[in-house]
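Lettering of chains follows the sequences in order, A, B, ..., and the numbering in each one begins at 1.
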There are 2 protein chains.
Amino acid sequence: MVTLKDVAKRAGVSLSTASYSINGSTLITDVTKQKVLAAAKEIGYRPNGLAKNLKEQKTNIIGLFLSGFTGPFFTDMMEGIQDVVIQNGYELMVYASDDKHRLLVERYVDGAIILNYHMKDSFLKSVADEKLPCIVLDRELESTFIKPVLLPNEQGSAMAVNHLLKKGHKRIGYMTGSVESYDGESRLKGFKKEIQKHDIRLSDQDLLRADFTEQSGFAAMRQYIDEHGQDLPSAIVCANDEMAMGAIRAIQGTGLKVPEDIAIIGFDDIYVSQYFNPPLTTIKVPRKEWGKTAAHALFKMMDPDYECDIDESVSVELMSRTSG
Amino acid sequence: MVTLKDVAKRAGVSLSTASYSINGSTLITDVTKQKVLAAAKEIGYRPNGLAKNLKEQKTNIIGLFLSGFTGPFFTDMMEGIQDVVIQNGYELMVYASDDKHRLLVERYVDGAIILNYHMKDSFLKSVADEKLPCIVLDRELESTFIKPVLLPNEQGSAMAVNHLLKKGHKRIGYMTGSVESYDGESRLKGFKKEIQKHDIRLSDQDLLRADFTEQSGFAAMRQYIDEHGQDLPSAIVCANDEMAMGAIRAIQGTGLKVPEDIAIIGFDDIYVSQYFNPPLTTIKVPRKEWGKTAAHALFKMMDPDYECDIDESVSVELMSRTSG
DNA sequence: ACAATGAATTGAAACGTTTCAATGGCAATA
DNA sequence: TATTGCCATTGAAACGTTTCAATTCATTGT
């Protein structure tokens with residue numbers, strides 16, 4: 001491996017001069033600098049990031065920690081984060097883990113954005129510190145070195161409920177996802193709150209549980225219809241679009257019509273939703289903006305004087321299409 | 001920052017004993033080991049990955065280097081790669097860059113999978129070496145430390161052409177993406193080859209160029225129809241599904257019908273395609289398997305004795321739906 | 001009782017950088 | 001000519017580990 005030492009030897013200067021030259025210090029004369037640069041090029045020198053990081057106690061990398069790459073939801077958000085991170089002279093590295101979270105524990109990053117239900121609150125608290133501030137996107141945890149940037153899930157659910165009430169629905173069901181998901185649980189909470197607010201009774205029977213995938217939505221709905229025959233709500237709100245799509249397919253499969261027999265509202269407004277048949281009424285989440293906001297918040301933690309150009313807070317919007 | 005030194009001091013042993021204990025060496029007695037582990041826990045010791053990596057000249061990280069996170073295409077592939085990488089005791093880190101590619105140059109990874117048209121062949125050649133083998137997914141470059149794992153694009157295009165010929169089409173157009181894309185160009189090449197093989201004339205006019213996004217497909221098609229009025233091919237093959245969907249929307253927008261007036265075939269079989277209206281006929285790319293194959297190939301380069309459990313080669317399949 | 005064996009522990013070098021502090025040389029000033 | 005001050009360069013320590021080689025110490029065999 002070609003090291004700075006080799007470059008220095010070749011250029012006939014000391015190690016430190018070589019280092020200064022490579023890093024463009026003003027101390028070094030141009031002629032020496034050129035000599036070093038030429039030598040580096042000749043022997044194909046590449047700086048060793050690991051050594052540099054060890055010395056500087058800093059990687060210039062921001063980590064995005066996910067529980068998995070699955071689902072169409074995250075790419076927009078990554079783009080948003082990436083934009084801001086690059087703009088600040090850092091790199092973004094995306095990482096999915098369910099167990100040891102090594103890259104976080106072992107300080108591979110200068111800051112982290114967390115959207116990973118596999119990480120326990122206590123784990124995050126033990127890991128976040130001055131040199132490694134964290135933004136959490138999936139829990140309400142807050143401390144000196146941990147700040148949440150959350151979606152207005154409850155508000156979104158309320159929008160969906162009100163939309164349906166306005167259309168005259170009297171009995172509204174809900175399909176929720178896995179319990180581990182913060183977004184899932186807070187969407188459910190918002191739904192229940194708004195239902196109560198309007199003095200509507202919500203029987204346990206009308207609360208379906210699936211796991212956010214389309215398949216699970218399909219299966220849950222199919223089973224629900226099998227069990228409760230003709231005694232169905234006239235509308236169902238789903239905790240995400242994929243389950244909504246699964247539910248719709250299940251309903252259609254039994255000969256019922258959406259939205260005529262059962263209206264369905266989703267959440268997220270993923271790309272497919274507008275093309276689905278029928279086009280999905282849903283709560284739009286501005287994923288890219290969410291990512292940007294998170295990244296800005298992170299840089300603000302890393303540098304209290306940091307100036308965000310645009311720090312929009314995350315808001316949510318009802319897309320009224322055909323399905324509900 | 002709590003270091004191993006602190007742990008050693010606290011446990012009343014030497015630095016090296018502490019290190020051996022943490023790493024579970026059999027040399028150390030259990031009682032000492034426990035003492036060290038307890039001390040580590042008490043003061044909240046976390047190993048410093050950077051220091052470790054520097055010493056070991058190895059990160060246990062595999063990098064996936066993309067040009068961007070955009071588009072629905074990549075998540076499946078990431079999953080495939082992730083599975084294999086984890087299974088081998090490594091971590092996967094995903095990274096998008098268009099310029100300096102720092103994480104690759106500075107040896108942050110032990111191996112790399114490349115799908116990034118921003119990286120020049122010469123750059124890759126200069127960067128790949130014994131300690132950093134590369135799998136390329138987007139070019140035919142091959143050397144001792146670089147191996148390609150490619151999609152059978154030409155074969156896929158041929159399938160599409162033959163499918164259309166069998167349906168009686170005599171004049172088939174093609175919508176291609178940006179020139180930088182290997183997949184795009186080889187799909188085009190396969191199309192031309194198969195067309196020639198059947199002695200069909202392909203006028204330049206019937207070759208549309210867009211940039212792989214749905215919008216660009218829409219725009220290109222719209223303009224094409226505006227310009228060439230009634231003189232249209234009866235079928236068009238598109239280099240990916242997104243453009244196909246854009247093209248279909250443009251066609252439908254002028255009152256024409258798909259597939260009755262113009263048949264459309266896409267490429268990739270992204271998730272949306274089956275739900276599109278009309279459901280998209282397309283060439284299915286097994287993205288997850290592609291990822292797995294690439295990862296296996298990489299580990300084989302990193303260790304010639306590496307045994308893959310399943311090393312399927314990548315194949316492609318025509319999904320005959322409604323659009324073409 | 002003493003050397004030989006072996007196990008447990010430790011000292012110290014190394015990984016490739018950055019950067020502080022020290023050095024050397026040279027021109028300008030006195 | 002001797003002193004000052006500046007500038008370019010260099011030596012050496014440090015970052016937190018791992019691991020080879022050396023050391024200590026108890027145990028065994030003779």
Side-chain angles (χ1 to χ4, degrees), chain A residues 1-37 39-40 43-61 102-103 105-110 129-132, chain B residues 1-37 39-40 43-61 102-103 105-110 129-132:
Chain A
M1 187 185 190
V2 180
T3 76
L4 205 47
K5 208 160 148 188
D6 302 318
V7 175
K9 193 183 298 175
R10 170 123 197 168
V13 300
S14 76
L15 182 57
S16 19
T17 304
S19 173
Y20 283 126
S21 300
I22 295 281
N23 293 309
S25 159
T26 54
L27 284 174
I28 310 291
T29 45
D30 275 353
V31 32
T32 328
K33 231 181 264 184
Q34 291 312 323
K35 217 165 42 181
V36 173
L37 260 23
I43 59 180
Y45 169 71
R46 288 195 278 152
N48 182 320
L50 304 170
K52 200 182 330 192
N53 294 159
L54 174 59
K55 180 60 196 174
E56 292 178 344
Q57 298 287 63
K58 171 169 201 342
T59 62
N60 269 277
I61 301 176
R102 181 167 70 92
L103 269 39
V105 175
E106 298 188 2
R107 302 182 174 282
Y108 281 79
V109 295
D110 291 345
D129 64 24
E130 188 149 16
K131 302 283 285 176
L132 177 39
Chain B
M1 185 185 191
V2 180
T3 77
L4 204 48
K5 208 161 147 188
D6 302 319
V7 175
K9 192 183 299 175
R10 170 122 198 170
V13 300
S14 77
L15 183 55
S16 19
T17 303
S19 172
Y20 283 125
S21 301
I22 296 281
N23 293 309
S25 160
T26 55
L27 284 173
I28 309 292
T29 44
D30 275 353
V31 33
T32 328
K33 232 181 260 183
Q34 291 313 322
K35 216 165 45 181
V36 172
L37 260 23
I43 60 180
Y45 169 72
R46 287 195 279 153
N48 181 320
L50 304 170
K52 200 182 328 193
N53 295 159
L54 174 59
K55 180 60 196 171
E56 292 179 346
Q57 298 286 64
K58 171 169 204 338
T59 62
N60 270 276
I61 301 176
R102 180 166 70 90
L103 270 37
V105 175
E106 298 188 3
R107 299 180 176 284
Y108 281 78
V109 295
D110 291 344
D129 63 24
E130 188 150 16
K131 302 284 285 176
L132 178 38

Winner on side-chain proximity to B/Lys55, out of C/dA14, C/dT9, C/dT10, is C/dA14
What does B/Arg107 touch in the nucleic acid at a heavy-atom separation under 4.0 angstrom: a base, only the sugar-phosphate, or nothing? nothing
Would the number of heavy atoms belonging to other residues, nucleotides or ligands and lying under 6.0 Å from NZ of A/Lys5 be above 12? no
Closest to the B/Ile28 side chain: C/dT17, C/dT19, C/dT9? C/dT9
Using atom types as modelled, flag every donor-acceptor pair under 3.5 Å from a side chain in residues 26-37 of chain A to any protein atom, sequence neighbours excluded.
{"residue": "A/Thr29", "atom": "OG1", "partner": "A/Thr32", "partner atom": "OG1", "Å": "2.4"}
{"residue": "A/Lys33", "atom": "NZ", "partner": "A/Ser25", "partner atom": "O", "Å": "3.0"}

If you find the nucleotide of DNA chain C closest to B/Thr32 and the one closest to A/Thr17, which residue's nucleotide is nearer the 5' end? B/Thr32
Classify the nucleic acid contact of B/Asn23 as base, sugar-phosphate or nothing, counting any heavy atom under 4.0 Å across all strands shown. sugar-phosphate
Remember a base hit wins even if backbone is also touched, and classify A/Leu50 as base, sugar-phosphate or nothing at under 4.0 Å, heavy atoms. nothing
Take B/Tyr20 and B/Leu54, find for each the nucleotide of DNA chain D with the closest heavy atom, and name the residue whose nucleotide sits nearer the 5' end. B/Leu54
Taking any heavy-atom pair under 4.0 Å as a contact, classify A/Thr3: base, sugar-phosphate, or nothing. sugar-phosphate
Side chains of A/Leu50 and B/Glu56 in contact at under 4.5 Å (non-hydrogen atoms): no
From NZ of B/Lys52 over to P of D/dG16, roughly how many Å is that when rounded to an integer? 14 Å
Contact class for A/Thr29 (heavy atom, under 4.0 Å): base, sugar-phosphate, or nothing? sugar-phosphate
Does the side-chain contact (heavy atoms from CB on, under 4.5 Å) test come out yes or no for A/Asn48 and A/Met1, once each step is laid out? CA-CA 10 Å; A/Asn48 182 320; A/Met1 187 185 190; 3.4 Å; yes
